Amino acid sequence: MSLLLTNIGELTTNDAELGRRKDAALVIERGRIAWVGDAASAPAADIATDLQGAAVLPGWVDTHSHIVFAGDRSDEFEARMAGERYAAGGIALTVAATRRASEAELRATAAALRAEAERGGTTFLETKTGYGLDVESEVRSAKVARSVADTVTFLGAHVVPPGSDAREYLDLVRGPMLQAVRPYVDAIDVFCEEGAFTVDQSREVLEAGRRAGLELRGHGNQLGHSGGVLLAVELGALSVDHCNHLTSADVAALAASDTVATFLPACDLSTREPFGPARAILDAGGTIALATNCNPGTSFTTSMQFCVATAVLQMRLTIEEAVFAATAAAARAVARDDVGVIRPGARADLQSLRAPGVSHLAYRPGVPLTDAVWKDGERVV
Ligand code: NIG
């Protein structure tokens, strides 16, 4: 069964040859894009949908979220808005609630957030463990994550849980915990920050993950110059995320590497950290991505559209750069080349907007513009 989407007012493909085009059409067949071109020369298909001039673009690729959790931290948020600074210690509250929750409860919360993200145009989602922090709870979290996300990251090294010895906990993470979660995860991550893990400890964690055949990701330079960014670049991580506090050496290292610098603007607003220098990395030739960092502590949103709008309005990205960062560049951060683009052969993961062009994503901030969403060629919204 083939589906023709026609009368697309503006089609953003992220493909160098196909570009951003007016009056376009595309054909979906067996879950993949089969054809892209001018509406006037579209081939026939089994079903045709007239999009009446709407904009179409790839579905969002959200490469940083922590949606497997229980509990609420709105009190902590309120205290922050009254002047307190975010510190890694708040994670312990979510850990306690997550350990108490059943697998079914965790799955229900995570599935609801995934559905909310999908309604906002997200068609590919990464999520992490990291609120269990003992072997049993991390395995439970990894199983839930596997059932709701497209790719799963092991974040046993989120913080040292209260009451544990740092050395013993690190050995647990690198050894039995890693082994136990391994069947459910694709990558390993570490929170390299004051109050969490040092550079040397983070290196131990990432190297153990690499030996287990996992891709590497990092939380780096969120609250200060933690050294996490340079470590991620040195180890060839797919992505290093947060990047709020970067020196010119960090920017140069990122720009010269294949490690994607992932910015999390909703988190920066909620923690009142300065936005990271995404503009400088782009100007130096590096690759940047945008992600929500959906979690109950620092960034309780699933809205990629909000992140795109903020990156344009506050971080001085152009519309095109921000959309690319939230789709095709983000796909690089999860080692995928079949999502985040609209070209023949790519997965048919796309969205149409209640708007004639992608500029409206920032021109109309706060207005949910995603209209229809297709994932693997199926209409899901
Ligand atoms: O990416 N920075 C580390 N982890 C999360 C926050 C987790 C929390 O505070 O619950 C983040 O911001």
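This structure is a prediction, so every number in the text was calculated from the model and none was measured.
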Handout entry: Pair Thr370-Arg119, side-chain hydrogen bond (donor to acceptor under 3.5 Å, both in side chains): steps then yes or no
Key = CA-CA 7 Å; Thr370 296; Arg119 285 194 296 280; over 6 Å; no

[atom1] ([X]) with more than 12 external heavy atoms under 6.0 Å:
| X | atom1 | answer |
| --- | --- | --- |
| Asp376 | CG | yes |
| Arg364 | CZ | no |
| Arg279 | CZ | yes |
| Gln179 | CD | no |
| Arg167 | CZ | yes |
| Glu378 | CD | no |
| Phe275 | CZ | yes |
| Met1 | CE | no |

Please tabulate, one pair per line, all N/O donor-acceptor pairs under 3.5 Å involving side-chain atoms of residues 49-57, not counting sequence neighbours.
| from | atom 1 | to | atom 2 | distance (Å) |
| --- | --- | --- | --- | --- |
| Asp50 | OD1 | Asn7 | ND2 | 3.0 |
| Asp50 | OD1 | Gln52 | N | 2.7 |

What's the shortest heavy-atom distance between [X] and [Y], and which atoms?
| X | Y | value |
| --- | --- | --- |
| Glu193 | Asn221 | OE1-N, 3.7 Å |
| Arg73 | Pro296 | CB-O, 3.4 Å |
| Pro162 | Ala92 | CG-CB, 3.8 Å |
| Arg80 | Arg85 | CG-C, 4.4 Å |
| Leu214 | Ala187 | CD2-N, 3.8 Å |
| Val229 | Leu246 | CG2-CD2, 3.7 Å |

May I ask you to decide whether [X] forms a salt bridge with [Y], counting only side-chain N to carboxylate O separations under 4.0 Å?
| X | Y | result |
| --- | --- | --- |
| Glu10 | Lys22 | yes |
| Asp283 | Arg316 | no |
| Arg332 | Asp337 | no |
| Arg203 | Glu234 | yes |

Looking at [atom1] of [X] and [atom2] of [Y], how far apart are the two atoms once the value is rounded to the nearest 0.5 Å?
| X | Y | atom1 | atom2 | result |
| --- | --- | --- | --- | --- |
| Arg99 | Glu136 | CZ | CD | 10.0 Å |
| Cys243 | Glu273 | SG | CD | 13.0 Å |
| Thr94 | Ile91 | OG1 | CD1 | 8.0 Å |
| Thr63 | Arg336 | OG1 | CZ | 13.0 Å |
| Ile28 | Leu5 | CD1 | CG | 4.5 Å |
| Thr287 | Phe324 | OG1 | CZ | 7.5 Å |

Using a 3.5 Å distance criterion without hydrogens, assess whether the side chain of [X] forms a donor-acceptor pair with backbone atoms of [Y].
| X | Y | result |
| --- | --- | --- |
| Arg114 | Glu116 | no |
| Ser141 | Ser137 | yes |
| Asp250 | Thr247 | yes |
| Ser41 | Gly37 | no |
| Ser257 | Leu254 | yes |
| Thr98 | Phe69 | no |
| Gln351 | Pro58 | yes |
| Ser270 | Thr298 | yes |
| Asp15 | Glu17 | yes |
| Glu138 | Gly132 | yes |

Practice task
Could you walk me through whether Asp268 and Asn244 pass the side-chain hydrogen bond (donor to acceptor under 3.5 Å, both in side chains) test, one step at a time?
Solution key: CA-CA 8 Å; Asp268 305 339; Asn244 297 84; 2.8 Å; yes

Exercise for the section: Have a look at Lys375 and tell me which of Asp349, Asp150, Thr122, Thr123 forms a side chain to side chain donor-acceptor pair (under 3.5 Å) with it. Expected result: Asp150

Practice task
Test side-chain hydrogen bond (donor to acceptor under 3.5 Å, both in side chains) on Asp72 and Ser74 and set out the steps.
Solution key: CA-CA 6 Å; Asp72 177 89; Ser74 52; 2.5 Å; yes

If two hydrophobic side chains count as joined below 4.5 Å and joins carry through other members, does [X] share a cluster with [Y]?
| X | Y | answer |
| --- | --- | --- |
| Val159 | Leu264 | no |
| Val95 | Phe154 | yes |
| Trp60 | Val380 | no |
| Leu282 | Val251 | yes |
| Leu18 | Val339 | no |

Exercise for the section: Test Asp186 against Thr153 for side chain to side chain contact (heavy atoms under 4.5 Å, CB included), laying out the working first. Expected result: CA-CA 6 Å; Asp186 309 300; Thr153 304; over 6 Å; no

Practice task
Please state whether the rings of His225 and His245 are parallel, tilted or perpendicular, taking 30° and 60° as the class boundaries.
Solution key: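 Correct class here is perpendicular.
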
Exercise for the section: Please state whether the rings of His242 and His64 are parallel, tilted or perpendicular, taking 30° and 60° as the class boundaries. Expected result: perpendicular

Practice task
Could you check if a side-chain atom of Thr109 sits within less than 4.5 angstrom of a side-chain atom of Ile67, using non-hydrogen atoms only?
Solution key: no

Handout entry: Trp35 and Pro344, any side-chain heavy atoms less than 4.5 Å apart
Key = no

Exercise for the section: Could you tell me whether the side chains of Asp241 and Ser239 share a donor-acceptor contact shorter than 3.5 Å? Expected result: yes

Handout entry: Listed partners of Ala212 passing side chain to side chain contact (heavy atoms under 4.5 Å, CB included), at least two apart
Key =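 Partners of Ala212 by the side chain to side chain contact (heavy atoms under 4.5 Å, CB included) criterion, ordered by chain and then number, come out as Leu178, Arg182.
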
Exercise for the section: Apply side chain to side chain contact (heavy atoms under 4.5 Å, CB included) to Tyr363 and Ile319, showing your working. Expected result: CA-CA 10 Å; Tyr363 179 47; Ile319 300 279; over 6 Å; no

Exercise for the section: Evaluate side chain to side chain contact (heavy atoms under 4.5 Å, CB included) for Val139 paired with Tyr184, printing each intermediate quantity in order. Expected result: CA-CA 8 Å; Val139 169; Tyr184 311 104; 4.1 Å; yes

Handout entry: Stepwise side chain to side chain contact (heavy atoms under 4.5 Å, CB included) test for Leu353 and Leu361
Key = CA-CA 9 Å; Leu353 302 182; Leu361 292 165; 4.0 Å; yes

